[in-house]
Participant: 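This is the structure I have questions about; it appears just below.
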Amino acid sequence: MHYKFKESGVFFTSDTHFNHANIIRFCSRPFKNVEHMNESLITNWNRVVGPEDIVFHLGDFCLGGSAEWTRILERLNGKIYLISGNHDMKNLRQNYTEYFEAVLPQLHIEVGNQKIYLNHYPFLCYGGAYKDTWQLFGHVHTSRHNTGKDAPRLKMLFSTQYDVGVDNNDFTPVSFAQVKAIIEKQIEQSRKGEQ
């Protein structure tokens, strides 16, 4: 399946972990409790995403059953495509997948003329054309506090890869234009490092 989108009105996010109280401690999130986190994430999301915008959520959306998922999904703007993450696998139930445009393990898309590979996990090999294809991911909870077991491996990422997770992006979905600016800067810094 191949999806093509215009450059405006496309957003990316990951690892919201709605209803996951322990993630606040695990990732040093600046919230006093799970209700504060949920409300902040929903407010931030709806501040930037309009009802007709497209959102690619790259996994680890929510903990709990269909009641918890539905309560969150009913409040979020946009048409949401879920790329399932490790936490979603055990929590996805059929009766609320209808809230998503699609639920997929991975996805190749084009936004404008940019090819993008979407997966919950960062890959060291994807698509074979690293210069021409970006890879957006989540899972690793990149942040200035990132001291987890994945931190040393993140140094091996290509300049065309970016963690769109909320911990890395002020707990807010990022637009295609924002991602483009970030990746272009990473590519430029990589070129300078090669000289």
Participant: Can you tell if the side chain of Thr13 reaches within under 4.5 Å of the side chain of Val55, non-hydrogen atoms only?
Facilitator: yes
Participant: Given side chains that start at C-beta, do those of Phe158 and Gln135 come closer than 4.5 Å, heavy atoms only?
Facilitator: no
Participant: List the steps, then state whether side-chain contact (heavy atoms from CB on, under 4.5 Å) holds for Ile42 with Ile72.
Facilitator: CA-CA 8 Å; Ile42 291 167; Ile72 299 293; 3.9 Å; yes
Participant: Taking all atoms of both residues into account, what is the closest heavy-atom pair of Trp69 and Gly64, and its distance?
Facilitator: NE1-O, 3.2 Å
Participant: Distance from Ile83 atom CD1 to Phe56 atom CZ, nearest 0.5 Å?
Facilitator: 7.0 Å
Participant: What heavy-atom pair brings Val164 and Val174 nearest, and what distance separates the two atoms?
Facilitator: CG1-CG2, 4.1 Å
Participant: To the nearest 0.5 angstrom, please state how far the CD atom of Glu68 sits from the CG atom of Leu63.
Facilitator: 9.0 Å
Participant: Is a side-chain donor or acceptor of Thr43 paired with a backbone partner of Glu39 at a separation under 3.5 angstrom?
Facilitator: yes
Participant: Between the main-chain N or O of Asn77 and the side-chain N or O of Asp53, is there a donor-acceptor pair closer than 3.5 Å?
Facilitator: no
Participant: Within this structure, what is the CG-NE2 distance for the pair Leu58 and His139, rounded to the nearest 0.5 Å?
Facilitator: 12.5 Å
Participant: Heavy atoms only: give me the nearest Asn19-Cys62 pair and the separation to one decimal.
Facilitator: ND2-SG, 3.3 Å
Participant: Do Phe171 and Ser40 make a side-chain contact, defined as non-hydrogen atoms from C-beta onward lying under 4.5 Å apart?
Facilitator: no
Participant: Does any N or O in the side chain of Asn33 come within less than 3.5 Å of the main-chain N or O of His36, such that one atom is a donor and the other an acceptor?
Facilitator: yes
Participant: Would you confirm whether Asp163, through its side chain, and Ser14, through its main-chain N or O, come within 3.5 Å as a donor-acceptor pair?
Facilitator: no
Participant: Atom CG in Asp132, atom CD in Gln114: separation rounded to 0.5 Å?
Facilitator: 8.0 Å
Participant: Given 3.5 Å as the limit, does a donor-acceptor pair link the side chain of Asn38 with the main chain of Phe18, or not?
Facilitator: no
Participant: Can you see which heavy atom on Leu136 is nearest to which on Ile183, and at what distance?
Facilitator: CD2-CD1, 4.1 Å
Participant: Distance-only, no hydrogens or angles: does the Thr16 side chain make a donor-acceptor pair with backbone N or O of Phe61 under 3.5 Å?
Facilitator: yes
Participant: Check this for me: Asp170, atom CG, are more than 12 non-hydrogen atoms of other residues, nucleotides or ligands nearer than 6.0 Å?
Facilitator: no
Participant: Out of curiosity, Arg29 CZ to His17 NE2, how far, rounded to the nearest 0.5 Å?
Facilitator: 6.0 Å
Participant: With a 4.5 Å cut-off on side-chain heavy atoms, are Phe100 and Leu73 touching?
Facilitator: yes
Participant: Looking only at non-hydrogen atoms, find the nearest pair between Asp15 and His120 and report the distance.
Facilitator: OD1-CE1, 3.4 Å
Participant: Checking ring pair (Phe, Tyr, Trp, His ring centres under 6.0 Å) against Trp134, which of Tyr117, Phe176, Phe12 comes through?
Facilitator: Phe176
Participant: Would you say Lys185 and Ile182 make side-chain contact, with heavy atoms under 4.5 Å?
Facilitator: no
Participant: More than 12 non-hydrogen atoms from neighbouring residues, nucleotides or ligands closer than 6.0 Å to CG on Asn113, yes or no?
Facilitator: no
Participant: Can you tell me how far the CD atom of Gln186 sits from the CZ atom of Arg191, to the nearest 0.5 Å?
Facilitator: 12.5 Å
Participant: Taking all non-hydrogen atoms of both residues into account, name the closest pair between His20 and Met37 and its distance.
Facilitator: O-CE, 3.7 Å
Participant: Check for a donor-acceptor pair, side chain of Trp45 on one end and backbone N or O of Pro173 on the other, with a separation under 3.5 Å.
Facilitator: no
Participant: Quick one: which of Ile109, Ile116, Ile54 gives a side chain to side chain contact (heavy atoms under 4.5 Å, CB included) with Tyr3?
Facilitator: Ile109
Participant: Taking Glu184 for its side chain and Ala181 for its backbone only, find out whether a donor-acceptor pair lies under 3.5 Å.
Facilitator: no
Participant: Does the separation of the ring centres of Tyr121 and Phe137 fall below 6.0 angstrom?
Facilitator: no
Participant: May I ask you to test the Tyr99-Leu82 pair for a side-chain heavy-atom distance under 4.5 Å?
Facilitator: no
